[in-house]
Amino acid sequence: MWDFHLLAATRTIEKNTAFVLHRWLVYLGVGVAYIFGALAGAGTAVGIASLSSNPTAFANLGAWLGLILVGWLMYRFRDYFLINIKARNAALLAAKSLHYHVPKGKAQIEYARDFVAERIPQPQELTKSMHLVRRVLRNLPDFTQGQPVSALASWLRRLTGWLLTEDDLTILGYHFVQPQASVWHSVREGLLHYAASFSKLFRNRAYLFGFGWLGMIAAFPVLLVPVRNIAAALPIDPGPWPTIFALILAWTLKAAFLDSIAMAAMFELFRSLPEDFDKGRLAQELAAASPDFREIQSHAEAASSVPPGPTH
């Protein structure tokens, strides 16, 4: 079974309601951008083919191209979401865990921004460290379980590594509860704790992965009804697009609310991990197996301490 407390995590998120609503508005904007991109792509395709005998024949192709274009743009702006949404969410969880006084309302958003800027003054350090953390997490199954013995085992190992990358923000949250540490030192220590409790953390991450996607699936039919009602008023057959649009809107709820709850649950579980393991030996073994961890370790050794986080 799982070791996290979902109700406690939900209560933690309720205390950060202002920021979570801000997060939802951002992801809702992303969802609307995907829908607009599909509609614009379909309209453009119909316009280009307007002189043909069947102008709507290429509408679906145009819609898919519009969707792919928006997806590419979102990928290009992924660092924006890391710095301005995900990192700030992790910072608020850490502030609550440390019993700092976190304001309510719009001031909460500003507090999270200032907290991240104070603890990680150079945004490029945040993006680079998280990139390396994800790569280390992706390869942790090979480190903890040895090389796979079959093609199926190799595929499952890659799937496990991909799932573990969801915990990069858990590692980042660990940085925000280390007032005197550089981000490089914090993520190094966090990865060592993660590797030492790999089986437990993976099992709980798998449960939370299911929680998020099952919640999205539950929201999907509720959102499909109004989307289909709107589509029914259109003069053309929308095909499968109402279903796709409802899925996109359900994803925005997952990304804003359910992922936030999962992050809070994993963060509190991570904070409760035991400290009694041979950190030096594990660091040597992980450095020998992972060039990405070696790079993190070299940055940690070279980095100087940053000023402490807010203590109010």
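Because the structure is a prediction, the values reported are computed rather than measured.
Atom CZ of Arg228 is surrounded by 12 or fewer heavy atoms from other residues, nucleotides or ligands within 6.0 Å. For Arg76, the CZ atom is loosely surrounded, since the number of other residues' heavy atoms within 6.0 Å does not exceed 12. Annotation: Lys86, atom NZ; neighbour count of heavy atoms from other residues, nucleotides and ligands within 6.0 Å does not exceed 12. Heavy-atom contacts from other residues, nucleotides or ligands closer than 6.0 Å to NZ of Lys279 number more than 12. Shown here is Lys96, whose NZ atom has more than 12 heavy atoms of other residues, nucleotides or ligands within 6.0 Å.
Under the 4.5 Å side-chain heavy-atom criterion for Ile, Leu, Val, Met, Phe, Trp and Tyr, Met266 and Leu214 are members of distinct hydrophobic clusters. Cluster membership check: Leu61 does not share its hydrophobic cluster with Phe36, using side-chain heavy-atom separations under 4.5 Å among Ile, Leu, Val, Met, Phe, Trp and Tyr. Linking Ile, Leu, Val, Met, Phe, Trp and Tyr whenever their side-chain heavy atoms come within less than 4.5 Å leaves Leu28 and Ile230 in two separate clusters. No path of Ile, Leu, Val, Met, Phe, Trp and Tyr side chains, each step under 4.5 Å between heavy atoms, connects Val222 with Leu224, placing them in separate hydrophobic clusters. Residue Met74 is grouped with residue Tyr80 when hydrophobic side chains (ILVMFWY) are merged at heavy-atom distances under 4.5 angstrom, including chains of intermediate members.
The two residues Ala87 and Leu126 come nearest to each other via the heavy atoms CB-CD2, 3.8 Å. Between Ala231 and Pro242, the shortest heavy-atom distance links the atoms CB-CG, 3.6 Å.
Interatomic distance, CG of Leu164 versus CG of Leu201, reported as 8.5 Å (0.5 Å rounding). Remark: Met263 CE to Ser260 OG distance equals 5.5 Å, nearest 0.5 Å. Atom NZ in Lys15 sits 11.5 Å away from atom CD in Gln108 (nearest 0.5 Å). In this structure, the separation between CG on Leu73 and OH on Tyr34 is 9.0 Å, given to the nearest 0.5 Å. Within the model, atoms CD1 of Ile296 and OG of Ser186 stand 11.5 Å from one another, a figure rounded to the nearest 0.5 Å. The distance from atom CG of Leu137 to atom CZ of Phe202, rounded to the nearest 0.5 Å, is 12.5 Å.
A tilted orientation is assigned to the rings of Trp24 and Phe257, their planes being inclined by 30° to 60°. The aromatic rings of Phe245 and Trp241 lie tilted to each other, with the angle between the two planes from 30° to 60°. Trp184 and His299 have parallel rings, their planes meeting at less than 30° on a 0 to 90° scale where 60° marks the start of perpendicular. Between Trp2 and Phe4, the ring-plane angle classifies as parallel under the 30° and 60° cut-offs.
Applying the side chain to side chain donor-acceptor pair (under 3.5 Å) criterion to Tyr194, with sequence neighbours excluded, gives Asp167. Applying the side chain to side chain donor-acceptor pair (under 3.5 Å) criterion to Glu166, with sequence neighbours excluded, gives no partner residue. The side chain to side chain donor-acceptor pair (under 3.5 Å) test applied to Gln297 returns Arg188, not counting sequence neighbours. Every residue two or more places apart in sequence or in another chain was checked for a side-chain contact (heavy atoms from CB on, under 4.5 Å) with Pro226, and none qualifies.
Annotation: side chain of Asp259 is not in contact with side chain of Leu208 (no heavy-atom distance under 4.5 Å). In this structure the side chain of Leu247 reaches within 4.5 angstrom of the side chain of Met216, judged on heavy atoms. Using a 4.5 Å cut-off on side-chain heavy atoms (C-beta onward), Thr127 and Ile83 make contact. Here the side chains of Val187 and Leu172 are not in contact, with every heavy-atom distance at 4.5 Å or above. At least one side-chain heavy atom of Phe115 sits less than 4.5 Å from a side-chain heavy atom of Tyr100. Side-chain contact between Lys254 and Trp213 is present, with at least one heavy-atom pair separated by less than 4.5 Å. Between Val32 and Thr252 the shortest side-chain heavy-atom distance does not fall below 4.5 Å.
Note: Phe77 and Trp72 fail the aromatic proximity criterion, with ring centroids not under 6.0 Å apart.
The residues Asp3 and Arg203 are annotated as salt-bridged, a charged nitrogen and a carboxylate oxygen being separated by less than 4.0 angstrom.
The list of salt bridge (charged side-chain N to carboxylate O under 4.0 Å, His left out) pairs with a residue in residues 17-30, not counting sequence neighbours, is empty. The ring-ring contact (aromatic ring centres under 6.0 Å, His included) analysis of residues 258-295, with sequence neighbours excluded, yields the pairs Tyr174-Phe270, His193-Phe277.
Among the candidates Leu92, Val20, Leu258, the single residue satisfying the side-chain contact (heavy atoms from CB on, under 4.5 Å) test with Ile13 is Val20.
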